[in-house]
Peer 1: 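My questions all concern the structure below.
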Amino acid sequence: MSDNRTKSVFKEGAISSVFIGESIAKHQTKTSIGAHNIFLGQVRADVIDNKIIKAIEYTAHEEMANTKFHEIREAAFEKYELTCMHIYHSLGVVNAGEICLFVFVSSPRRKVVFKALEFIVEAIKEKVPVFGKEIFEDNSHQWKVNS
Amino acid sequence: MSDNRTKSVFKEGAISSVFIGESIAKHQTKTSIGAHNIFLGQVRADVIDNKIIKAIEYTAHEEMANTKFHEIREAAFEKYELTCMHIYHSLGVVNAGEICLFVFVSSPRRKVVFKALEFIVEAIKEKVPVFGKEIFEDNSHQWKVNS
Amino acid sequence: MKIKIRYFGMLTEVTGCEEEIIDFPEVVISELLEMLFIKYPKLKDKKFQVAQNNELVPFKTKISSKEIVLLPPFSGG
Amino acid sequence: MKIKIRYFGMLTEVTGCEEEIIDFPEVVISELLEMLFIKYPKLKDKKFQVAQNNELVPFKTKISSKEIVLLPPFSGG
């Protein structure tokens, strides 16, 4: 049931709420699923030294990133009883308030989805070579650091 | 920032994927948010003694349930740094594959949303007087038991 | 004293009703339950909790509300 | 031996390029880095990891690929 393992993860620009809604709708034919858990990363308009972040521009080492996404997916299916899993990450410019990361796990039972989702999100942050350039309203920038 | 505390939780029938997508869209003006976490409960078409569950009919002690939802919301805002929180639960008939529970938490930072969402979902299951009647395809039924 | 008693979920199948008003002279919930067990012998076999004023209460609690609620195990979500 | 070296994120601001091909006689990544530190003195102050064949490798690893990648701290999501 670990379908869609080879679908591409990267999407150009922001991930729309309509796309997320449609992804949810597609799972309503899978009647063995009892619980979904969805993580969304949204770009914050942080203020640093009186300058506001207006967007993040994402770049990635795509070949290595896809290898890592695949490994994370395999590890999660191995560790947790999941019916399906989808990961989408933006490349290019994502404005403040827009969504840059969408992770979606589904399982017959709820307890597993919480653990699986956190495992996947933390692994993405740690292991996938994606780089965020935080762009201020005056078009200056700094490089994003994950905490 | 703990807005929408008094909105009603119960919705008649299933919760649509379009409604969920629109809820996500509404949060894109809140640019202090960095992470959303969404739990969706979906009705499973379980097979019991060769009979398939086609739907669950939910009833509730509504006054007590609303009191409990309010207490859970207050406790979650107290315990975790959340920007907003929304809970929706179906009443009436929800067919297999449809969504009956939608819990949505948002925070500036990701670590807190995982803990907060699990806390809220477990509290709902434990403390809110909602009752599921599992209806089989032959219209016989049994009463749902949470595990 | 007239008390409204409400039943939910599977308990409505034992009592055949969602609510009823009973004229009841006693003051403790457990005494009310004893009376209900006589009226509905199968109720004794069911797992349930009692709420008054929107809060679960122990069976030894005094009745302080005009409405007593019998709730089977919760199964939301 | 000609090796393609690729840079990502903030490192591209130090090197002024995203990739370059260097003719390099040595066999260990740390030796390649020593050469890059001479070419780009500011690179020494940057935190980065090295990948070859889509895997992070220690600096003492032998070069076994035509492509070596320098990656600053990851900041996806």
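Chain A is the first sequence line, chain B the second, and so forth, proteins listed ahead of strands; every chain is numbered from 1. Hydrogens, waters and symmetry mates play no part in the numbers below; they use all other heavy atoms, side chains included.
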Peer 1: Less than 3.5 Å apart and able to act as donor and acceptor by atom type: which atom pairs between chain C and chain B qualify?
Peer 2:
unit_1, atom_1, unit_2, atom_2, d
Arg6(C), NH1, Glu63(B), OE2, 2.8
Glu13(C), OE1, Trp143(B), NE1, 3.4
Glu13(C), OE2, His141(B), NE2, 2.5
Glu13(C), OE2, Trp143(B), NE1, 3.3
Asn54(C), OD1, Met64(B), N, 3.3
Glu55(C), OE1, Lys68(B), NZ, 2.8
Glu55(C), OE2, Lys68(B), NZ, 3.4
Ser75(C), N, Val130(B), O, 2.8
Ser75(C), O, Lys144(B), NZ, 3.2
Ser75(C), OG, Gly132(B), N, 3.0
Ser75(C), OG, Lys144(B), O, 3.2
Gly76(C), N, Val130(B), O, 3.4
Gly76(C), O, Lys125(B), NZ, 3.4
Gly76(C), O, Lys144(B), NZ, 3.4
Gly76(C), O, Asn146(B), ND2, 3.0
Gly77(C), N, His89(B), NE2, 2.8
Gly77(C), O, Tyr58(B), OH, 2.7
Gly77(C), O, Lys144(B), NZ, 3.0

Peer 1: Sequence neighbours left out, what passes side-chain contact (heavy atoms from CB on, under 4.5 Å) with Lys60(C)? Give chain and number order.
Peer 2: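 Pro58(C).
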Peer 1: Is the shortest heavy-atom distance from the side chain of Ile124(B) to the side chain of Phe74(C) under 4.5 Å?
Peer 2: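 No, their side chains stay 4.5 Å or more apart.
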Peer 1: Select, from Leu101(B), Val128(B), Val94(B), Val43(B), the one with the greatest count of heavy-atom pairs under 4.5 Å involving chain C.
Peer 2: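 Looking at each of Leu101(B), Val128(B), Val94(B), Val43(B) in turn, Val128(B) comes out on top.
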Peer 1: Please list every donor-acceptor pair under 3.5 Å in which a side-chain atom of residues 31-41 of chain C meets a protein atom from a residue at least two apart or in another chain.
Peer 2:
unit_1, atom_1, unit_2, atom_2, d
Glu31(C), OE1, Val27(C), N, 3.3
Glu31(C), OE1, Val28(C), N, 3.1
Lys39(C), NZ, Glu20(C), OE1, 2.5
Tyr40(C), OH, Glu20(C), OE1, 3.1
Tyr40(C), OH, Glu20(C), OE2, 2.8

Peer 1: Measuring heavy-atom distances to chain C, does Ala65(B) have an atom under 4.5 Å in its side chain, in its backbone, in both, or in neither?
Peer 2: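 Contact with chain C is absent: no heavy atom of Ala65(B) under 4.5 Å.
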